[in-house]
Amino acid sequence: MEHSPCNKVNQTRKAPHAAIGQVLIEALPYIRKFEGKTFVIKYGGAAMKDSCLKNIFAQNVTLLRKVGIRIVLVHGGGDAITKTAEKMGLTSRFLHGRRVTDKEMISVIQMTLAGKVNQDIVQLISEHGGKAVGVSGLDADTIKARPHPNAVTLGLVGDVEQINTSYIDLLCRTGLIPVIAPIGFDDNGNIYNINADDAASSIAIALKAEKLIYVSDVEGIHVGERILKTISKREAADFIEQGIISGGMIPKVLSAFKTLDSGVGKIHLIDGKATHSLLLEIFTHEGVGTQFIAEQESDHY
Ligand SMILES: Nc1ncnc2c1ncn2[C@@H]1O[C@H](COP(=O)(O)OP(=O)(O)OP(=O)(O)O)[C@@H](O)[C@H]1O
Ligand SMILES: [Mg+2]
């Protein structure tokens with residue numbers, strides 16, 4: 001797949017009209033199939049940092065919504081949180097890919113994730129003619145949380161207890177794109193930091209989404225040099241145990257299989273650094289990145 005999307009050579013290269021027409025018309029069966037369906041997109045990694053990549057992502061999302069697919073975005077923002085925390089003299093620590101979160105850190109997360117990061121995405125989509133609405137998990141009781149089983153070590157890190165879909169549904173029904181910052185609340189007034197992959201998974205399950213797509217900063221799940229085209233639950237467990245899958249990929253993989261087990265049939269990890277990977281995944285036969293599947297048939301790149 002072509003990388004460096006902002007490279008001038010790529011931008012000026014022209015395909016013949018017939019070829020362009022052919023490519024566009026190939027999308028038609030997919031548009032017919034997915035019109036009115038819900039796709040949850042988890043947006044994270046490097047694609048969130050580079051301004052050109054962010055632009056392309058916002059264009060892709062806008063186009064998907066405009067052809068009638070209900071798009072729900074859930075975003076991460078680990079890097080932005082770490083930078084803001086640093087400025088405030090706070091050190092970031094992680095355990096198995098999850099951020100250790102105390103009271104000061106949760107304030108940074110609210111300010112950064114539900115504030116600047118969220119609104120930057122909303123604004124970018126609107127620049128391309130889409131209509132997005134920033135949603136914090138606290139808005140309209142969207143994400144109810146409970147302490148993570150490792151709360152003693154992780155602090156105010158939460159697991160999703162319940163997703164209230166009414167606000168998200170309302171936005172989708174009116175053609176808007178909800179852009180969700182993954183923070184949650186409980187009945188005791190606590191606010192929790194929720195891993196964006198977990199939040200995206202729970203939201204996809206609650207909405208009975210057609211697809212869940214994780215947009216990250218890797219081509220797919222790799223084992224050494226190899227990029228896996230598909231990965232099964234059993235393989236994933238082995239790779240985690242062997243340390244082949246580590247860090248932020250652990251919650252992603254675990255949440256992907258939870259989603260698959262709960263009936264969302266199509267779950268992909270794609271590369272936010274690759275040109276228009278989102279459109280290619282949705283509108284082409286081959287697909288891109290790694291698909292999470294129930295059982296393995298040894299089908300690797
Ligand atoms: N086997 C693996 N294959 C691919 N990536 C892996 C693997 N094991 C660990 N990783 C790491 O997982 C990272 C992706 O998870 P990470 O949490 O950093 O990003 P994200 O979830 O896309 O973004 P955010 O956490 O900001 O929402 C990759 O950049 C890579 O370093
Ligand atoms: Mg992550």
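Note that ligands are numbered from 1 as they come in the structure, with each ligand's atoms numbered from 1 the same way.
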Would you tabulate the polar-atom pairs, meaning N/O of ligand 1 against N/O of the protein, with distances under 3.5 Å, reported to 0.1 Å?
unit_1	atom_1	unit_2	atom_2	d
ligand 1	1 (N)	His222	O	2.9
ligand 1	1 (N)	Ile244	O	2.8
ligand 1	3 (N)	His222	N	3.0
ligand 1	8 (N)	Ser246	N	3.1
ligand 1	21 (O)	Lys42	NZ	3.2
ligand 1	21 (O)	Lys252	NZ	2.7
ligand 1	22 (O)	Gly45	N	3.4
ligand 1	22 (O)	Ser216	OG	2.6
ligand 1	22 (O)	Lys252	NZ	3.4
ligand 1	23 (O)	Gly45	N	2.9
ligand 1	26 (O)	Gly78	N	3.4
ligand 1	27 (O)	Lys42	NZ	2.8
ligand 1	29 (O)	Asp217	OD1	2.7
ligand 1	29 (O)	Asp217	OD2	3.3

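For Glu127, the CD atom is densely surrounded, since the number of other residues' heavy atoms within 6.0 Å is greater than 12. Ile25 CD1: 12 or fewer foreign heavy atoms inside a 6.0 Å radius.
Checked against salt bridge (charged side-chain N to carboxylate O under 4.0 Å, His left out), Arg99 has no partners two or more places apart in sequence or in another chain.
For residues 236-257, the set of pairs meeting the salt bridge (charged side-chain N to carboxylate O under 4.0 Å, His left out) definition, not counting sequence neighbours, comprises Asp197-Lys252.
How far OG of Ser136 is from CG of Leu113: 9.0 Å, rounded to the nearest 0.5 Å.
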Under 3.5 Å donor-acceptor pairs involving side-chain atoms of residues 166-189, not counting sequence neighbours:
unit_1	atom_1	unit_2	atom_2	d
Ser166	OG	Asn164	OD1	2.9
Thr174	OG1	Leu170	O	3.0
Thr174	OG1	Leu171	O	3.0
Asp186	OD1	Asn188	N	2.8
Asp186	OD1	Gly189	N	3.2
Asp186	OD1	Asn190	N	3.0
Asp186	OD2	Asn190	ND2	3.0
Asp186	OD2	Tyr192	OH	2.7
Asp187	OD1	Lys144	NZ	3.3
Asp187	OD2	Lys144	NZ	3.1

